[in-house]
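Counting convention: from 1, in listed order, for ligands and their atoms alike. Numbers for residues simply follow the sequence, beginning at 1. Just so it is clear, the model here is predicted, and its values are computed rather than measured.
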Amino acid sequence: MKFKTLSVAAVALTAALVGATASADTLKFGKTEDAVKYRQNALFVMSQHFGSLGAMANGRAEFNADLAKQNGAVLETLATLPWQAFGAGTEGGKTKPEVWKEKAKFDGHAKDFVTEAGKLAAAAKTGDLAQLKAAFGPAAQTCKACHDAFRNR
Ligand code: ASC
């Protein structure tokens with residue numbers, strides 16, 4: 001009984017934490033230009049950490065478990081940041097206007113990416129290259145799906 005109560009509490013706590021960190025909403029941008037710059041830079045920094053994991057997953061760089069773990073942790077946090085900078089009236093950059101016309105679809109892509117980034121970080125934490133490899137492809141696929149739908153070349 002006691003164990004069951006604890007388990008329920010643990011699940012509820014996990015759900016609350018996941019919900020709270022799924023997408024950051026910490027900033028209000030004064031200028032559209034700042035929102036565009038913020039999301040471009042957040043996505044760029046993210047791509048560097050993601051790229052480091054990809055290089056190890058694809059054998060282009062030697063696997064370093066500690067580095068993978070650190071990059072996974074950074075990625076997991078960064079993954080939540082860009083989406084708050086796609087607020088109403090911030091059309092610009094390479095982003096297609098469809099983002100604001102199909103906001104629910106865009107938000108779905110962002111959520112999928114955050115989920116996969118979390119799984120990739122968890123895989124990186126194991127120190128097992130096979131798990132990193134398995135998690136990388138699905139995460140990269142969520143990048144691509146959103147870019148194909150919502151980013152101009
Ligand atoms: C990256 C990066 C992207 C994605 C994409 C995945 O590292 O900069 O845009 O991964 O290439 O398909």
List for me each residue that meets ring-ring contact (aromatic ring centres under 6.0 Å, His included) alongside F113, sequence neighbours excluded, and say none if there are none. none

To the nearest 0.5 Å, atom CG of N64 lies from atom NZ of K69 at 11.5 Å

In the structure I gave you, are the side-chain heavy atoms of F150 and E102 within less than 4.5 Å of one another anywhere? yes

In terms of heavy-atom contacts, does NZ of K111 have more than 12 from other residues, nucleotides or ligands at under 6.0 Å? no

In chain order, what residues pass the side chain to side chain contact (heavy atoms under 4.5 Å, CB included) check against A110, with sequence neighbours excluded? W83

Under a 4.0 Å heavy-atom cut-off, which residues neighbour ligand 1? S47, F50, A140, C143, K144, H147

Under the salt bridge (charged side-chain N to carboxylate O under 4.0 Å, His left out) rule, collect the residues that match up with K96, sequence neighbours excluded. none

